[in-house]
Number of protein chains: 2
Amino acid sequence: MRNRPIPEATVARLPMYLRSLLDLAEGRGVMTVSSEELARLAGVNAAKVRKDLSYLGSYGTRGVGYDVEYLLYQITRELGLTQDWPTAMIGIGNLGRALASYKGFAERGFRITALFDADDNVIGEEVGGIIVRHIDELKEAVAEEGLCIGIISTPPSGAQEVAEKLVDAGIKSILNFAPSHVNVPPDVNVRRVDLSVELQILSFYQQRTKAIETAREANRRLENQQTDRR
Amino acid sequence: MRNRPIPEATVARLPMYLRSLLDLAEGRGVMTVSSEELARLAGVNAAKVRKDLSYLGSYGTRGVGYDVEYLLYQITRELGLTQDWPTAMIGIGNLGRALASYKGFAERGFRITALFDADDNVIGEEVGGIIVRHIDELKEAVAEEGLCIGIISTPPSGAQEVAEKLVDAGIKSILNFAPSHVNVPPDVNVRRVDLSVELQILSFYQQRTKAIETAREANRRLENQQTDRR
DNA sequence: TGCGGTTTGTGATTGCACTCACAAGCCCGT
DNA sequence: ACGGGCTTGTGAGTGCAATCACAAACCGCA
Ligand SMILES: NC(=O)c1ccc[n+]([C@@H]2O[C@H](COP(=O)([O-])OP(=O)(O)OC[C@H]3O[C@@H](n4cnc5c(N)ncnc54)[C@H](O)[C@@H]3O)[C@@H](O)[C@H]2O)c1
Ligand SMILES: NC(=O)c1ccc[n+]([C@@H]2O[C@H](COP(=O)([O-])OP(=O)(O)OC[C@H]3O[C@@H](n4cnc5c(N)ncnc54)[C@H](O)[C@@H]3O)[C@@H](O)[C@H]2O)c1
């Protein structure tokens with residue numbers, strides 16, 4: 001079991017377990033945690049937690065649970081968070097500024113160490129302690145500073161172009177905040193964060209429940225009419 | 001087919017098709033689009049596009065493709081974007097400010113119409129043309145102003161408390177930016193956007209490809225040694 | 001040492017989503 | 001009117017992920 005490749009769905013949940021475990025460890029110095037408890041904290045099914053963790057190895061003790069510290073270390077290692085990944089951000093506008101000065105990333109092993117933009121008015125400016133450079137310096141910076149991850153926070157019109165520059169510079173992991181799909185070679189991993197999409201999905205289900213409510217109301221009225229008639 | 005419930009995975013993709021169609025319609029006045037083309041733009045498989053769209057109805061024409069305008073309207077309607085959904089945001093810090101003044105949401109039918117915080121220093125301030133109110137006024141505001149969606153952008157420690165207040169006020173759709181899981185009744189829909197999680201997933205795959213590269217390199221060296229020996 | 005209570009790890013099963021492949025259907029030119 | 005070239009819509013097959021259910025294993029206690 002533990003030599004099999006870890007399913008994508010499991011990888012996506014590991015960070016959630018990590019977060020819950022950190023809460024347990026930092027908050028009160030909890031020593032062990034059961035799959036049931038961890039499931040509650042992370043908001044998933046207990047069996048799923050156990051199966052997920054079993055892909056990493058047999059790190060639990062039957063009848064007891066999982067050692068919080070040990071599990072923390074194992075997940076951290078599995079996610080590759082024992083080393084930190086120098087990260088470049090391209091497009092230093094409203095969103096870029098908020099993200100670049102956010103302290104929460106550093107806590108999780110991501111240091112945004114390089115900022116780039118195409119606008120001369122922005123270049124040279126200092127954001128979160130880092131000087132913004134011209135996008136043309138990207139390739140050199142990646143080579144010299146070992147940048148591994150690229151964050152795109154330009155408008156959608158520039159996203160594809162920026163993605164190509166990142167790929168050309170040798171970056172294999174991209175987080176895209178622009179609401180557009182970017183095309184990259186198959187060995188490059190792109191993840192998209194699109195806030196409007198999330199809102200639109202909420203909208204769909206909201207509308208659906210509203211529609212059901214309205215239908216119920218209509219039904220009730222209909223029934224009342226029939227009762228009146230009798 | 002078109003009376004069956006729409007699968008979750010399809011709902012999650014509709015916003016992407018919507019975006020691509022808008023690009024087609026606004027950019028050059030494209031009249032029709034094939035599933036192949038739409039798939040390329042949205043970055044998915046053509047068969048998937050067709051199946052997804054077939055859940056909405058038979059809106060395509062064989063041998064021709066889909067009428068862009070008509071399909072746009074149908075997806076918009078299906079997602080509930082023909083009406084707009086007044087949205088409340090709670091926690092007006094760094095991220096909250098960036099989001100509240102972002103114009104991109106309004107374009108997609110979401111108006112952030114009410115801002116709340118718990119900090120007296122923030123309350124009364126104007127952000128993106130809206131006055132920040134105290135969180136205690138939330139319930140009344142929801143009732144009077146018909147707020148439908150709540151966005152949580154407080155630190156994780158406050159997220160659960162805020163979520164409960166939103167639920168208590170009658171909100172059924174929540175977008176949570178705090179990196180923590182919130183517990184809500186089953187009739188409330190929560191979506192989480194967690195940037196660190198996305199980075200951690202990238203980290204996992206990045207580490208994996210690095211490990212493979214290192215292994216290859218080791219192999220190459222080993223082979224060279226053997227060649228030398230002969 | 002043995003027993004009862006507890007919790008893990010994992011085969012087995014179910015369900016969902018993706019992909020394939022192709023008949024049905026449309027347009028256009030002749 | 002009809003045939004050729006396209007493109008949709010969808011049944012069938014496949015694979016992955018979620019859930020169930022239980023044997024195996026552990027702890028503490030008598
Ligand atoms: N601001 C928000 O709250 C918010 C919310 C959701 C999504 N987004 C998305 O995030 C992205 C950024 O939003 P923003 O509000 O920060 O935009 P912005 O206009 O404030 O900033 C964009 C920055 O990117 C730079 N840029 C443009 N083209 C570039 C290129 N080719 N190479 C390098 N730099 C380039 C610009 O000079 C500018 O500094 C957009 O795609 C937006 O849709 C923003
Ligand atoms: N800033 C970023 O770029 C960024 C990036 C990723 C994630 N996040 C997450 O987004 C959230 C907000 O981040 P931020 O940087 O804006 O934080 P912040 O500290 O700047 O702002 C938080 C705001 O929430 C308010 N608040 C706290 N508790 C509250 C409560 N119980 N009720 C109402 N209001 C309350 C505070 O008064 C403050 O104004 C955090 O959870 C953070 O982890 C932020």
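Sequence lines set the chain letters: A, B, ... in the order given, protein chains first and strands last, and positions in each chain run from 1.
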Between E36(A) (CD) and dT19(D) (P), how many Å, whole number? 13 Å
Please state how far atom CG in L53(B) lies from atom C1' in dT7(D), giving the value in whole angstrom units. 13 Å
Please report the distance, rounded to the nearest Å, between CZ in R50(A) and P in dC20(D). 11 Å
Can you identify which nucleotide, out of dC18(C), dT8(C), dC26(D), has its nearest atom closest to the K48(B) side chain? dC18(C)
Between N45(B) and V64(B), which has a closest nucleotide on DNA chain C that is more 5'? N45(B)
Using atom types as modelled and distance alone, determine if a side-chain donor or acceptor of S203(B) lies under 3.5 Å from a backbone N or O of L199(B). no
Between C1' on dG11(C) and OH on Y55(A), what's the gap in Å once rounded to a whole number? 12 Å
Would you classify E8(A) as touching base, sugar-phosphate or nothing, given that sugar-phosphate means primed atoms plus P, OP1 and OP2, and contacts are heavy atoms under 4.0 Å? sugar-phosphate
What about Y59(A) and Y70(A), are their ring centers closer than 6.0 Å? yes
Mark yes when over 12 heavy atoms from residues, nucleotides or ligands other than Q160(A) sit less than 6.0 Å from its CD; otherwise mark no. yes
Given atom NZ of K51(A) and atom C1' of dA12(C), what is their separation to the nearest angstrom? 9 Å
In whole angstrom, what separates R62(A)'s CZ from dG4(C)'s C1'? 17 Å
Is the closest side-chain heavy-atom distance between H181(A) and L41(B) below 4.5 Å? no
dT8(D), OP1 or OP2 - any side-chain N/O from S35(B) closer than 4.0 Å? yes
